[in-house]
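The chain is numbered in sequence order, starting from 1.
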Amino acid sequence: MESSNLTSLPEDDEQQQHQQNQKPPSFSAFASLPTRPATQSCLQKYAPLGWTGLFDKEEDVCIPDSNDVFHVYMAGTEGPVVFCLHGGGYSGLSFALSASKIKEKARVVAMDLRGHGKTSTENELDLSVEAMCNDFFAVVKAMYGDSPPAIVLVGHSMGGSVAVHVAAKRALPSLAGLVVVDVVEGTAMASLIHMQKLLSSRMQHFSSLEKAIEWSVKGGSLRNIDSARVSVPTTLKYNDAKNCYVYRTCLEETEQYWRGWYEGLSDKFLSCPVPKLLLLAGTDRLDRSLTIGQMQGKFQMVVVRHTGHAIQEDTPDEFATLVVNFISRNRIGPHGIEIPGLHRPSQPQQ
């Protein structure tokens, strides 16, 4: 789930609360001094960056018989499609830096989920896992018709839950792989009780995009300045009445859906009939079902060191390498699992 501050969700709540509790000691002569105004070099350091050169293009995908329009970023020209679903409060640009590497070996699609980024839907607050799964299927249908290419579904945090639910439905014959990024049912469910407090404790208003980017990095939600410069602006919107930037996504108003994101997630993940990779930022995240499944070799697990919750942003090169190696190891081609000696690639078996 989304760690900390700018894009906060409960999975990293313990770390966040620890940071919040670390207040300056009362005897500090500097505790009450005002913050120094940003210098020009500081503004340049945290200036927004475009996605040009990372993704190749962006498109609006209109869903027939509705007013829903989903924004997608695309890169690459051949190979299977690495279809990326971001976490709550993030956007498709969360995968921008990693996409620039993955596209050398595969195609990449990253969509803004409903209520996020540049996507526009009739009900922005319906972040139920059912609605987001239906959105994914509708976008795939609109983009590829009845013959989609092989898809490796990648989901971070909340997006990881959507990815698991999509895969568990077994409704996409071309699904060839599943990559879940830093979300585990046990930790997530235990953290939900702290969610509203964490969201309300975030800084709510930013005088500029530079300030928001700076705060996301210094606050710990993102550790890679370059990625933050690309991804953070699309998580905000300008509020004319308040004359400042505020969050694009009203996560506080979606509480009724939180439990549905993660309840039963481990068993659903293990039931998915495709090769599976679980990327974690820490080793203490596995619950009992996943521990047993991992011991039985039902999925591959990699613990990524020196990263925060947003692995794809904090260590984009390593993330891209892990995804590309996963595709190669499982022989996933543009049409599915490629079996040596067969003229037509077959679909993955359970």
Side-chain angles (χ1 to χ4, degrees), residues 1-13 16-17 20 63 66-71 85-94 111-136 138-139 155-166 182-183 185 187-206 209 212 215-216 219 221-222 231-265 309-310:
M1 306 184 66
E2 282 52 67
S3 71
S4 76
N5 306 328
L6 185 68
T7 49
S8 174
L9 281 178
E11 192 166 277
D12 279 0
D13 63 305
Q16 195 173 24
Q17 287 176 325
Q20 291 170 350
I63 306 304
S66 79
N67 293 320
D68 295 347
V69 181
F70 290 90
H71 199 74
L85 305 177
H86 61 78
Y90 292 77
S91 79
L93 290 182
S94 177
M111 67 181 282
D112 288 341
L113 298 175
R114 66 168 53 220
H116 293 76
K118 296 181 180 180
T119 282
S120 173
T121 56
E122 295 177 355
N123 187 348
E124 298 276 85
L125 294 178
D126 184 3
L127 294 188
S128 65
V129 72
E130 294 82 7
M132 291 188 286
C133 284
N134 291 336
D135 293 342
F136 167 80
V139 169
H156 170 235
S157 200
M158 180 191 76
S161 168
V162 177
V164 169
H165 280 80
V166 164
D182 210 42
V183 57
E185 177 185 351
T187 307
M189 293 296 292
S191 302
L192 289 180
I193 191 173
H194 307 294
M195 177 81 155
Q196 285 289 5
K197 181 179 180 181
L198 291 173
L199 291 175
S200 63
S201 67
R202 301 182 297 175
M203 185 176 292
Q204 302 293 326
H205 310 98
F206 302 95
L209 292 176
W215 192 79
S216 71
S221 61
L222 297 175
S231 68
V232 168
T234 51
T235 68
L236 304 168
K237 62 182 179 181
Y238 192 78
N239 187 309
D240 290 316
K242 297 180 179 179
N243 197 31
C244 65
Y245 289 92
V246 298
Y247 295 110
R248 158 73 173 92
T249 307
C250 300
L251 292 174
E252 297 90 332
E253 300 178 35
T254 64
E255 182 174 4
Q256 61 182 309
Y257 306 117
W258 298 345
R259 181 168 291 273
W261 295 346
Y262 305 112
E263 203 164 41
L265 191 63
H309 178 51

- request: To the nearest 0.5 Å, tell me how far W215 CH2 sits from L222 CG.
  value: 10.5 Å
message: Show, in sequence, the C-alpha distance, side-chain angles and deciding distance for V246 and H205, and conclude whether the side chain to side chain contact (heavy atoms under 4.5 Å, CB included) test is met.
response: CA-CA 5 Å; V246 298; H205 310 98; 3.7 Å; yes
message: I'd like to know whether L113 forms a side chain to side chain contact (heavy atoms under 4.5 Å, CB included) with M158, so could you lay out the CA-CA distance, the side-chain angles of the two residues, the decisive distance to 0.1 Å, and finally the verdict.
response: CA-CA 10 Å; L113 298 175; M158 180 191 76; 3.7 Å; yes
statement: dist L251:CG -> W258:CH2 (nearest 0.5 Å) comes out at 7.5 Å
message: How close do E122 and N67 get, counting heavy atoms only, and between which atoms?
response: OE2-N, 3.1 Å
message: Using only atom types and a distance under 3.5 Å, with no angle test, would you say the side chain of T235 pairs donor to acceptor with the backbone of Y90?
response: no
- line: CE of M132 to CD of E130, rounded to nearest 0.5 Å, is 9.0 Å
- line: Taking every heavy atom of C133 against every heavy atom of H165, the minimum-distance pair comes out as SG-CB, 3.5 Å
- line: Here the pair of heavy atoms bringing T254 nearest to L125 is CG2-O, 3.7 Å
- request: Compare every heavy atom of E185 with every heavy atom of E263, then report the nearest pair and how far apart it is.
  value: C-OE2, 4.0 Å
task: Without swapping roles, check the side chain of S161 against the backbone of W261 for a donor-acceptor pair under 3.5 Å.
output: yes
- prompt: Which heavy-atom pair separates L93 from S231 by the least distance, and what is that distance?
  reply: O-CB, 3.6 Å
task: Verify, without hydrogens or angle tests, whether D182 (side chain) and A310 (backbone) share a donor-acceptor contact under 3.5 angstrom.
output: no
- prompt: For the side chain of D112 and the backbone of G92, is there at least one donor-acceptor N/O pair under 3.5 Å apart?
  reply: yes
query: Stepwise, does the side chain to side chain contact (heavy atoms under 4.5 Å, CB included) test hold for Y247 with L236?
result: CA-CA 4 Å; Y247 295 110; L236 304 168; 4.0 Å; yes
- request: Tell me, with the steps shown, if I63 and D135 meet side chain to side chain contact (heavy atoms under 4.5 Å, CB included).
  value: CA-CA 9 Å; I63 306 304; D135 293 342; over 6 Å; no
query: Looking at residues at least two apart in the chain, or sitting in another chain, which of them share a side-chain contact (heavy atoms from CB on, under 4.5 Å) with A131?
result: R114, D126, S128
- prompt: Backbone N or O of T249 within a donor-acceptor pair of the H116 side chain at under 3.5 Å?
  reply: no
statement: Hits for side chain to side chain donor-acceptor pair (under 3.5 Å) against E253, two or more places apart or cross-chain, chain-then-number order -> none
- request: Measure across A188 and Y262 and return the closest heavy-atom pair with its distance rounded to 0.1 Å.
  value: CB-CG, 3.7 Å
statement: Taken to the nearest 0.5 Å, the spacing of S120 OG from F70 CZ works out to 9.0 Å
- request: Give a yes or no answer on whether the side chain of Q196 reaches the backbone of E252 with a donor-acceptor pair at less than 3.5 Å.
  value: yes
message: Considering only residues two or more places apart or on different chains, which pairs with a residue in residues 234-251 satisfy salt bridge (charged side-chain N to carboxylate O under 4.0 Å, His left out)?
response: E124-R248
